[in-house]
Amino acid sequence: MGDLKDELLKAIWHAFTALDVDHSGKVSKSQLKVLSHNLCTVLKVPHDPVALEEHFRDDDEGPVSNQGYMPYLNKFILEKVQDNFDKIEFNRMCWTLCVKKNLTKSPLLITEEDAFKVWVIFNFLSEDKYPLIIVPEEIEYLLKKLTEAMGGGWQQEQFEHYKINFDDSKDGLSVWELIELIGNGQFSKGMDRQTVSMAINEVFNELILDVLKQGYMMKKGHRRKNWTERWFVLKPNVIYYYVSEDLKDKKGDILLDENCCVEPLPDKDGKKCLFLIKCFDKTFEISASDKKKKQEWIQAIHSTIHLLKLGSPPPHKEARQRRKELRKKLLAEQEELERQMKELQAANENKQQELETVRKKLEEAASRAAEEEKKRLQTQVELQTRFSTELEREKLIRQQMEEQVAQKSSELEQYLQRVRELEDMYLKLQDALEDERQARQDEETVRKLQARLLEEEASKRAELERWHLEQQQAIQMTEAEKQELEQQRVMKEQALQEAMAQLAQLELERKQALEQYEEVKKKLEVATSTTKSWKDKVAHHEGLIRLIEPGSKNPHLITNWGPAAFTQAELEEREKNWKEKKTTE
């Protein structure tokens with residue numbers, strides 16, 4: 001019932017959106033009253049005028065949004081829906097509300113009726129989120145089905161080119177974009193309007209009407225035992241048969257359950273390609289047009305009964321569910337991968353910030369070292385200049401001292417003092433050089449730290465590539481499992497064919513045994529007739545023809561008619577001779 005509710009909501013969403021004329025996300029209460037009344041009518045839900053008027057009474061609140069309409073829709077309509085309404089009529093009512101507003105005015109290769117069927121198929125294949133879209137994977141699935149129905153070859157390269165030009169800002173197509181894509185003939189070039197319409201109708205019958213197989217076959221009547229051509233339609237739990245393929249005159253149905261079976265029959269009564277459908281209370285003999293059609297119908301009916309035993313949905317619905325689950329799984333893996341990428345990116349950004357901080361520190365240290373080097377050079381130049389000046393002065397002093405040694409003794413002491421000061425300055429210069437060397441060592445240490453951080457980043461990138469490779473291997477394993485399932489299906493089909501051959505052999509042996517039984521029965525009737533004639537001869541010989549002989553002196557036997565013609569001894573002798581004669585014969 002949850003799946004039915006989701007499918008109904010999609011069509012109702014189209015109708016609600018069409019009523020939202022100014023695209024404000026709200027619809028007037030009077031329009032929602034009419035929509036609710038029509039929904040109750042087509043869904044065969046009892047009307048509740050009181051609840052309708054109470055929920056949509058006139059007040060100052062104005063139009064109602066989608067969220068405001070959902071409580072009433074769920075409580076008074078969707079929760080009361082049973083699976084007894086005409087789904088086509090329901091979809092056509094919602095289609096009527098939205099087609100004029102949204103269907104493109106440009107000429108299309110398909111009719112409006114075909115566009116309606118594409119609209120219903122879109123609701124079946126679209127994602128369960130709003131606004132409704134159909135993802136590229138489902139678009140490819142639908143276009144493949146249409147191409148196969150038209151008898152053409154699928155152009156994968158053309159679709160890949162279409163996907164490349166697909167708008168990256170959108171996750172899929174809306175229903176009107178899908179109708180325009182199919183209607184403009186981009187993927188049905190060379191096909192006329194009638195062929196495209198027949199392909200859309202075939203896909204619509206399979207996906208929406210659950211038609212698993214259909215076609216003309218001959219059916220044997222139950223009363224008159226005559227053969228009549230009928231149009232058969234196989235659905236998940238029933239086979240309908242009509243007078244013709246327009247489905248207007250239904251002649252009957254064959255209800256299928258897990259106790260039914262289908263088996264081939266040998267040709268008889270001038271009919272070929274026969275098979276039998278056994279149900280609880282009836283048995284149906286059907287003749288296909290050729291052996292291929294016969295095998296296809298037997299396989300299709302057998303698969304349908306097998307699905308009923310397993311309680312599984314129709315193949316196309318099960319395939320759609322598997323595709324959705326696979327997309328959810330891939331989306332979850334992609335989100336997990338994106339989350340890990342974001343974490344790695346955040347860690348990388350943190351490392352970059354740390355490296356930037358270290359770089360700034362290195363630049364500051366280099367700047368300080370350059371400043372100190374500049375100061376050192378300036379100091380050295382000053383010292384050299386000062387030293388040169390002092391030397392000049394010393395030369396002058398020496399000349400003065402040579403001239404006046406006695407008078408300049410005190411100046412000599414001052415000169416020695418100045419030399420000691422120069423030595424102190426020299427020691428300070430050496431300390432400055434040692435500080436510079438230490439700064440260079442610190443710079444080398446920081447460079448090694450930066451190299452280690454870069455190696456850690458490279459290892460993180462290698463780990464991310466390894467995770468990506470594991471994901472690729474998981475996808476390859478999924479493909480391998482799919483191939484293994486296909487091999488198992490082929491083996492089961494071979495086993496079914498062998499079982500059918502054994503059944504035909506057993507049927508032939510049964511017929512041979514029946515013919516042998518008829519021959520033995522005829523021989524037994526001949527032997528019985530021969531025995532009866534011999535008994536008559538013996539009775540005639542022993543009872544009617546009696547020899548006239550002299551009577552015995554022994555006492556005679558007395559019968560109901562008087563004295564017997566034989567004595568007891570003669571009678572025993574005759575009985576003994578008769579038995580010996582019988583044994584000899």
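- In summary, K75 and E79 do not engage in a salt bridge, as defined by a charged side-chain N under 4.0 Å from a carboxylate O.
- Counted within 6.0 Å of CD on E356, heavy atoms from surrounding residues, nucleotides or ligands total more than 12; the atom is thus considered enclosed.
- Residues M341 and L464 form a side-chain contact, since some pair of their non-hydrogen atoms from C-beta on lies under 4.5 Å apart.
- For CD of Q194, the number of neighbouring non-hydrogen atoms (other residues, nucleotides, ligands) closer than 6.0 Å is 12 at most.
- Applying the side chain to side chain contact (heavy atoms under 4.5 Å, CB included) test between F16 and each of L73, L97, L32 identifies L32 as the sole match.
- Within a 6.0 Å radius of CZ in R327, other residues, nucleotides and ligands contribute more than 12 heavy atoms.
- K87 has no carboxylate O lying under 4.0 Å from a charged side-chain N of E7, or vice versa, which leaves the two without a salt bridge.
- Counting only heavy atoms from C-beta outward, the side chains of V490 and Q487 never approach each other to under 4.5 Å.
- Contact of the V45 side chain with the L39 side chain is not registered, since no non-hydrogen atoms from C-beta on lie closer than 4.5 Å.
- Around atom CD of E157, no more than 12 heavy atoms belonging to other residues, nucleotides or ligands sit under 6.0 Å away.
- Looking at D20 and T17, their side chains never bring a donor and an acceptor atom within 3.5 Å of each other.
- Between the side chain of N348 and the backbone N or O of L344 there is no donor-acceptor pair closer than 3.5 Å.
- Here R323 does not pair with E137 in a salt bridge; the nearest charged N to carboxylate O distance is not below 4.0 Å.
- A side-chain donor from one of N201 and K117 sits under 3.5 Å from a side-chain acceptor of the other.
- Ion pairing of K360 with E364 is absent here, as no side-chain N (NZ or NE/NH1/NH2) approaches a carboxylate O to less than 4.0 Å.
- A pairwise comparison of heavy atoms in K101 and V21 identifies NZ-CA, 4.0 Å as the closest pair.
- A heavy-atom distance below 4.5 Å is not found between the side chains of E148 and V203.
- Inspection of the Q417 and E413 side chains reveals no N or O donor paired with an N or O acceptor under 3.5 Å.
- Ion pair R418/E421 not flagged as a salt bridge, since none of the NZ, NE, NH1 or NH2 atoms sits closer than 4.0 Å to an Asp/Glu carboxylate oxygen.
- There is no side-chain donor-acceptor pair under 3.5 Å between E479 and Q483.
- When all heavy atoms of L181 and L143 are compared, the pair lying nearest together is CD2-CD1, 4.4 Å.
- The main-chain N or O of S174 is found under 3.5 Å from a side-chain atom of E177 such that the two form a donor-acceptor pair.
- Here the side chains of L377 and Q380 are in contact, with some heavy-atom distance below 4.5 Å.
- Using a 4.5 Å heavy-atom cutoff, the side chains of C98 and W119 are in contact.
- At a threshold of 4.5 Å between non-hydrogen side-chain atoms, the residues L207 and Y141 count as touching.
- Counting non-hydrogen atoms of neighbouring residues, nucleotides and ligands closer than 6.0 angstrom, the CZ atom of R386 reaches no more than 12 such neighbours.
- The pair E372-R437 does not meet the salt-bridge criterion, since no charged nitrogen lies less than 4.0 angstrom from a carboxylate oxygen.
- Side-chain N/O atoms of W467 and E465 include no donor and acceptor closer than 3.5 Å.
- Counting heavy atoms of neighbouring residues, nucleotides and ligands inside a 6.0 Å radius, atom CZ of R398 does not exceed 12 of them.
- For the side-chain contact (heavy atoms from CB on, under 4.5 Å) test, residues two or more places apart in sequence or in another chain that qualify with L132 are K10, W13, H14, F122, N123, S126, Y130.
- Side-chain contact between L8 and L43 is present, with heavy atoms from C-beta onward closer than 4.5 Å.
- Side-chain contact annotation: S28 with Q31, donor-acceptor N/O pair under 3.5 Å present.
- With respect to the salt-bridge test (charged N to carboxylate O, under 4.0 angstrom), the residues R489 and E486 qualify.
- Around NZ of K80, the count of heavy atoms belonging to other residues, nucleotides or ligands within 6.0 Å exceeds 12.
- No hydrogens or angles considered: nothing links the side chains of Q299 and E493 as a donor-acceptor pair under 3.5 Å.
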